[in-house]
**Student:** 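Can you keep this structure in mind? I'll have questions shortly.
Values reported hereafter were calculated over all heavy atoms of this structure, with side chains retained and with hydrogens, waters and symmetry mates removed. Throughout, a chain's letter reflects where its sequence line sits, starting with A, and its residues are numbered from 1. Computed from a predicted model, the values in this text were never measured in an experiment.
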Protein chains: 4
Amino acid sequence: MFVFRIDSHSGVPPYLQLVQQVRQGVLLGFLKEGDRLPLIREVAETVAINPNTVAKAYRQLEQEGLVTGRPGQGTFVNETPAAPVSPATYTSLQRGLETWLGRARAAGLDEQAISALFTAALNQARNENIA
Amino acid sequence: MFVFRIDSHSGVPPYLQLVQQVRQGVLLGFLKEGDRLPLIREVAETVAINPNTVAKAYRQLEQEGLVTGRPGQGTFVNETPAAPVSPATYTSLQRGLETWLGRARAAGLDEQAISALFTAALNQARNENIA
Amino acid sequence: MFVFRIDSHSGVPPYLQLVQQVRQGVLLGFLKEGDRLPLIREVAETVAINPNTVAKAYRQLEQEGLVTGRPGQGTFVNETPAAPVSPATYTSLQRGLETWLGRARAAGLDEQAISALFTAALNQARNENIA
Amino acid sequence: MFVFRIDSHSGVPPYLQLVQQVRQGVLLGFLKEGDRLPLIREVAETVAINPNTVAKAYRQLEQEGLVTGRPGQGTFVNETPAAPVSPATYTSLQRGLETWLGRARAAGLDEQAISALFTAALNQARNENIA
DNA sequence: GTGGTCTAGACCACA
DNA sequence: GTGGTCTAGACCACT
């Protein structure tokens, strides 16, 4: 089952967080064609937001073509646009990241510092590509 | 020189992005006590937003006690609350992350997929800690 | 100035009627790049619906890339995807349609009958193309 | 045989589309007194919607007095309220519209643009009548 | 004062 | 009972 998570301190509107999580879920293979997303009312309960807000997120996903809402049945994932990488290299990358995270935590960095380090590295890489 | 970067697709309000970037800069040592932040009108020009928005970000940073605005001179970073890790381990972690990023890009992942992978790993780690 | 019109008997949701009217306006050249759509609150007043409903329509148009909302300024039409026909043939077609409409009205057909005739002809043409 | 057609992109509820098509069919003489509408399960199959939805449409048509359902036999069209125009002028109008449609298609307009042009002309005519 | 988001609660179309 | 739409009214970010 797919689980949503809302970070109310990030500044990102809740409905957008839901949208991004589904997009990422599809991108990483957690969500595949035909999978049913949690019911709107379920999500509203579990993450404690208004059903309309969840509906707004699902509507946007539908407009993006990622999912299709079928009244009376639920909301379902459409055909995924093809896996970007093979599962093998994917798991390898995942494991590499986990060991790195372990090192970072062992060194005493909290989640905020880790995120900061990551985005900084990502930005730097981008700048180098531009240069 | 400290450089700001606005991602208009992230959904995070621009003023908050500025605030978060300064916080991260201080956390990671890019900004040290006494450093001067770019002038409001400079930032407004380079990232193409309204000067009032930049001013709002600086005002909030001042309220948080991270910086101090000196009229006519600019905005300066206050004493940093102590580095969380030694510069050595910090550089080591940074390098580890860079090699991982290199592998990910070589495997064909774009920035979106990399971010998705990272947040997924971070969430998983958090869940394991809770469990 | 662009004027909206809501037909509450058509069964089409009001927000969709607004969306379709903007799309048609762009398609037919009534709305060009840089034009400002009526303010949300104006539309809400003139067609007597809730501002949120108008906002919903504008949001969808923005997601489709047809317009861009600029807080504090209004909502503006983006670059139009190129005129489908030359203005000359367009006016010619328009005039032909007007004379036909004149004949139909003179014959005693009301608006409903005219619409019925039109959609029937359109459907027939489509079927012939398929066959 | 009367054929239904559902446009799932129009925003009009499917059951209303069926109702409108029957109304138009009667108005234009495609359906005459005593004609049998397609069976509910036939319609449900051909246009791929739930039989309940078709039943709802037929029920509403019966409430409007346009048709009468005879259990076990089917649904039949009642006496038509008199033809609004003579068959001759009707065919003439139909042919005029067909030639116009041919010109429009030849000019490169797709169905969407044609519809836009038509509704625009209809609206303009209405406005002139009001003025 | 502009658009953008959220909440609360109602009603409808559909399976 | 599911998703889809509308209303009413509040607060926020940006110009």
**Student:** With a 4.5 Å limit on heavy-atom distance, are the side chains of A/F4 and A/V22 in contact?
**Tutor:**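 Counting from C-beta outward, A/F4 and A/V22 do come under 4.5 Å.
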**Student:** Out of F/dT15, E/dA15, F/dT5, which has the shortest distance to the side chain of B/T53?
**Tutor:**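 Output: F/dT15.
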**Student:** Tell me the interatomic distance from C/K56, atom NZ, to E/dC6, atom P, rounded to whole angstroms.
**Tutor:**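 Rounded to whole Å, this separation is 15 Å.
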**Student:** Taking CG from C/N50 and C1' from F/dA10, how many angstroms apart are they, rounded to a whole number?
**Tutor:**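 My rounded result for the distance is 13 Å.
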**Student:** Under 4.0 Å between any heavy atoms, over every strand shown, what does A/L39 touch: base, sugar-phosphate, or nothing? Just pick one.
**Tutor:**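 Sugar-phosphate contact only.
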**Student:** Return the 5'-most residue of the pair D/A48, C/I40 with respect to DNA chain E, ranking by each residue's nearest nucleotide.
**Tutor:**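 Going by which nucleotide is closer to the 5' end, it is C/I40.
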**Student:** Measuring to OP1 and OP2 of E/dC14, would you say a side-chain N or O of D/Y15 lies under 4.0 angstrom away?
**Tutor:**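 No, outside the criterion.
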**Student:** Once you round it to whole Å, what is the distance between C1' of E/dA15 and CZ of A/F76?
**Tutor:**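 Going from A/F76 (CZ) to E/dA15 (C1'), I get 11 Å.
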**Student:** To the nearest 0.5 Å, tell me how far D/L37 CG sits from D/E42 CD.
**Tutor:**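 Rounded to the nearest 0.5 Å, the CG-CD separation comes to 10.5 Å.
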**Student:** Would you call the rings of A/F118 and B/F118 parallel, tilted or perpendicular if under 30° counts as parallel and over 60° as perpendicular?
**Tutor:**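 It falls in the parallel class, under 30°.
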**Student:** If you find the nucleotide of DNA chain E closest to A/L16 and the one closest to C/P71, which residue's nucleotide is nearer the 5' end?
**Tutor:**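 Between the two, 5'-proximity favours C/P71.
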**Student:** CD of A/Q17 versus P of E/dG4: gap in Å, rounded?
**Tutor:**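 Between P of E/dG4 and CD of A/Q17: 19 Å.
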**Student:** For C/G65, does its backbone N or O pair with a side-chain atom of C/N78 as donor and acceptor, under 3.5 Å?
**Tutor:**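 Such a contact is found between C/N78 side chain and C/G65 backbone.
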**Student:** E/dG1 P sits how many Å from C/E42 CD, rounded?
**Tutor:**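 Those two atoms, CD and P, are 13 Å apart.
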**Student:** Can you tell me how far the NZ atom of A/K56 sits from the CG atom of A/L16, to the nearest 0.5 Å?
**Tutor:**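 Here the rounded value is 8.5 Å.
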**Student:** Where the side chain of C/N52 is concerned, which of F/dT5, E/dC14, E/dC6 is the nearest nucleotide?
**Tutor:**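 In terms of side-chain proximity for C/N52, the closest of F/dT5, E/dC14, E/dC6 is E/dC6.
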**Student:** What does A/P51 touch in the nucleic acid at a heavy-atom separation under 4.0 angstrom: a base, only the sugar-phosphate, or nothing?
**Tutor:**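 The residue A/P51 makes no contact with any strand.
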**Student:** Separation of A/Q60 atom CD from F/dT5 atom P, in whole Å?
**Tutor:**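 Value for this atom pair: 14 Å.
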**Student:** For a quick check of understanding: with a heavy-atom distance under 4.0 Å over all strands, which category does A/R41 fall into, base, sugar-phosphate or nothing?
**Tutor:**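 Answer is base: heavy atoms of A/R41 come under 4.0 Å of a base.
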**Student:** May I ask which nucleotide in the shown strands pairs with F/dA13, Watson-Crick or G-U wobble, both distances under 3.5 Å?
**Tutor:**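 Partner of F/dA13: E/dT2.
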**Student:** Could you check whether C/Y58 gets within reach of a base, just the sugar-phosphate, or nothing at all, counting any heavy atom under 4.0 Å?
**Tutor:**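 No contact.
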**Student:** To the nearest angstrom, how far is A/R59 atom CZ from E/dA13 atom P?
**Tutor:**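 Those two atoms, CZ and P, are 18 Å apart.
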**Student:** Could you state the atom-to-atom distance from CZ of A/R36 to C1' of E/dA15 in whole Å?
**Tutor:**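 Answer to the nearest Å: 13 Å.
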**Student:** What nucleotide among E/dG3, E/dA13, F/dG3 has an atom nearest to a side-chain atom of C/T75?
**Tutor:**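 Nearest to the side-chain atoms of C/T75, counting from C-beta on, is E/dG3.
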**Student:** Taking the minimum atom-to-atom distance to the side chain of D/P13, which one of E/dA15, E/dT5, E/dA13 wins?
**Tutor:**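 Side chain of D/P13 sits closest to E/dA13.
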**Student:** Please work out if A/E62 contacts a base, only the sugar-phosphate, or nothing of the nucleic acid, heavy-atom cut-off 4.0 Å.
**Tutor:**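 A/E62: backbone/sugar contact only, no base atoms under 4.0 Å.
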**Student:** Could you check B/V12 against C/I49 and say which one's nearest nucleotide on DNA chain F is further toward the 5' end?
**Tutor:**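 The answer here is C/I49.
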**Student:** Between the side chain of C/Q24 and the main-chain N/O of D/A120, is any donor-acceptor distance below 3.5 Å?
**Tutor:**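 Not confirmed, C/Q24 side chain does not pair with D/A120 backbone.
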